[in-house]
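Just so it is clear, the structure is predicted and the values come from calculations on it, not from any experiment.
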Amino acid sequence: MITDVAPESGSTMPVQRKRGRIPGWLRGVIWAVVAIAVISTASYSTGVAALTSSNTAQTALRLALPILLCALGGLWAERAGVVNIGLEGMMILGTWGAAWGSYYGGVWSGLIAAIVFGALGGLLHAVATVTFNVNHIVSGVAINLLGLGITKYLANLIFAPISGNPRQSPVVPKFDTYSATFLSDWLGDLEKEQRVGISDVAGILRGLVTEVAPLTMLAIILVPVSFWVLWRTRFGLRLRSCGENPVAAESLGVNVYLHKYVAVVISGAFAGMGGASLVLLRGGADYLENQTNGRGYIGLAAMIFGNWRPGGLLGGAALFGYADGLQLAGGGEAVLALLYGAVILVGVIVVVQLFRRQWIAAGLGVIGAGVLYAIYWSNDTLPSDLIPYTAHFVTLIVLAVASQRLRPPKADGQPYRRGED
């Protein structure tokens, strides 16, 4: 017990200090350790090495980038109070801009073009929602449809005479990749030894440091940069105040319209970068119609899973990217083994709930674990028609589980007019 002086009476009285909370970065580390332990156990229990192989980690990293960048875009917009369901359309614009700019000017020109095209989509969304107070969902859906229509028209106009296919671009340059050679070789040796835990960690780390593109490093750096700008600068404080209480922000002299415009344009730029990552990274295809395959929506889900925080959405993007990469690297057998890992994770959660005496949650967890284990036990592999939608199923399940702890910005999606209460 610690005694403090009461400010009004001048007397001393006991004050109970709040117990310190675990820092966000430490919670992220703990969850990462738990996740690796779970998939490592599942890998050795099922005999499916693809769960922790370097190939799976490398593929997952590449597929997580568009989700991560779209999630960052959603974070910027929604922290300013604008719901941006149009991320998918802005990403589509980015894929076409990346292919066009890269074909005529090289990869960096392609990246800049993708950013510009995505930002233009964000600007259009800002005009509709901020200036004209159009419903944010309606405007976002319109942006998605418009992005698909514009790119189809431009591809038919510009790419079709070159590639002979109105739905596909010609071959475009890709970003060069770099590897930490010594570290990669050492981790590769550890991975081949198949030692419990050590080889799993080595395989995952090797996939993260092998054949890494500059765009990958840039996207990862944007996570702490976004946190610093939004939570550690005056501009970020003002922008977030627009998403919490724009009327109060206006009364303090904040230009709410300007901050909302800047946030949504940046949001579109990040989504455009996400589209560029689908086109300009090695291992990915050149521009294709419908290439995004709903990743803009998954990015929005990653942002919600992360509770509108940069660190949380990084974890969400990693999870969805891993699920997507696993089905490509390991197929139905690996996805089925992931179900076994989910059973282990739910079992751990049930034990925690029992210690907390939350009987209903523990009972529901037991039922869920039983259902997942029944699916695993009764199948040798999953149907090939369902495997490509692994990331989408994971998205639905994760959002259903995480929905009870979400705290969006208070004024997110609400109409605002200057001077109104």
Side-chain angles (χ1 to χ4, degrees), residues 28 31-32 34-43 45-46 48-71 74 87-88 91 200 203-204 207-208 216 219 274 277-278 281 283-284 291-306 312-346 348-349 368-369 371-373 375-376 379 381-403:
W31 275 112
V34 170
I36 293 175
V38 167
I39 61 176
S40 175
T41 303
S43 176
S45 300
T46 61
V48 180
L51 285 176
T52 57
S53 70
S54 56
N55 182 42
T56 298
Q58 188 175 351
T59 304
L61 178 61
R62 176 172 58 85
L63 295 176
L65 285 186
I67 298 173
L68 172 62
L69 288 165
C70 271
L87 290 168
E88 177 80 3
M91 180 188 274
D200 299 299
I204 294 172
L208 300 180
T216 304
S277 70
L278 292 173
L281 294 181
Q291 187 174 12
T292 56
N293 194 27
R295 286 184 176 87
Y297 301 112
I298 298 178
L300 197 63
M303 178 206 66
I304 296 172
F305 167 79
L313 65 85
L314 177 62
L319 173 63
F320 302 141
Y322 176 78
D324 207 6
L326 184 64
Q327 59 92 9
L328 288 179
E333 184 182 2
V335 175
L336 193 63
L338 184 62
L339 280 181
Y340 187 85
V343 173
I344 298 174
L345 180 59
V346 173
V348 173
I349 295 174
V371 172
L372 291 175
Y373 187 76
I375 296 174
Y376 168 77
N379 293 277
T381 185
L382 293 178
S384 58
D385 293 338
L386 295 179
I387 294 173
Y389 298 98
T390 302
H392 300 77
F393 290 134
V394 171
T395 302
L396 293 175
I397 294 171
V398 167
L399 286 181
V401 173
S403 61

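Inter-residue side-chain proximity for Leu281 and Thr216 is flagged as met; some heavy-atom pair is nearer than 4.5 Å. Between Leu63 and Thr59, the closest side-chain pair of non-hydrogen atoms falls below 4.5 Å. No side-chain heavy atom of Val48 sits under 4.5 Å from any side-chain heavy atom of Ser43.
By the neighbour-count criterion of 12 heavy atoms within 6.0 Å, atom OH of Tyr322 is densely surrounded, having more than that number from other residues, nucleotides or ligands.
Take Asp324 and apply the salt bridge (Lys or Arg N to Asp or Glu O under 4.0 Å) test, not counting sequence neighbours, and it matches Arg295. Residues satisfying the side chain to side chain donor-acceptor pair (under 3.5 Å) criterion with Ser40, sequence neighbours excluded, are Asp200. For the side-chain contact (heavy atoms from CB on, under 4.5 Å) test, residues two or more places apart in sequence or in another chain that qualify with Ala71 are Ala302, Met303, Leu313. With sequence neighbours left out, the side-chain contact (heavy atoms from CB on, under 4.5 Å) criterion links Tyr297 to Ile85, Glu88, Asn144. Applying the side chain to side chain donor-acceptor pair (under 3.5 Å) criterion to Gln58, with sequence neighbours excluded, gives Glu211. For Thr56, the side chain to side chain donor-acceptor pair (under 3.5 Å) partners two or more places apart in sequence, or in a different chain, are Ser53.
Here the CG atom belonging to Asn293 is positioned 7.0 Å from the CD1 atom belonging to Ile298, to the nearest 0.5 angstrom. One distance of note links CD1 of Ile67 with OG of Ser277; it measures 9.5 Å at 0.5 Å rounding. Residue Leu372 holds its CG atom at 11.5 Å from CD1 of Ile344, rounded to the nearest 0.5 Å. Taken from CD in Glu333 to CG in Asn379, the straight-line distance is 12.5 Å, to the nearest 0.5 Å. Distance CZ/Phe305 to CG/Leu314: 10.5 Å, rounded to 0.5 Å. Note that CD1 of Ile204 is 9.5 Å distant from CG of Leu51, once rounded to the nearest 0.5 Å.
Contact detail for Leu65 and Ala219: the closest heavy-atom pair is CD2-CB, 3.7 Å. Of all heavy-atom pairs spanning Pro66 and Leu278, the tightest one is CG-CD2, 3.8 Å. Residues Ala329 and Asn55 approach most closely at CB-ND2, 3.9 Å, considering heavy atoms. Here the closest non-hydrogen pair linking Cys70 and Gly299 is CB-CA, 4.1 Å. Residue Ala57 comes nearest to Gly203 through the heavy atom pair CB-O, 4.2 Å, listed as atom of the first residue, atom of the second, then distance.
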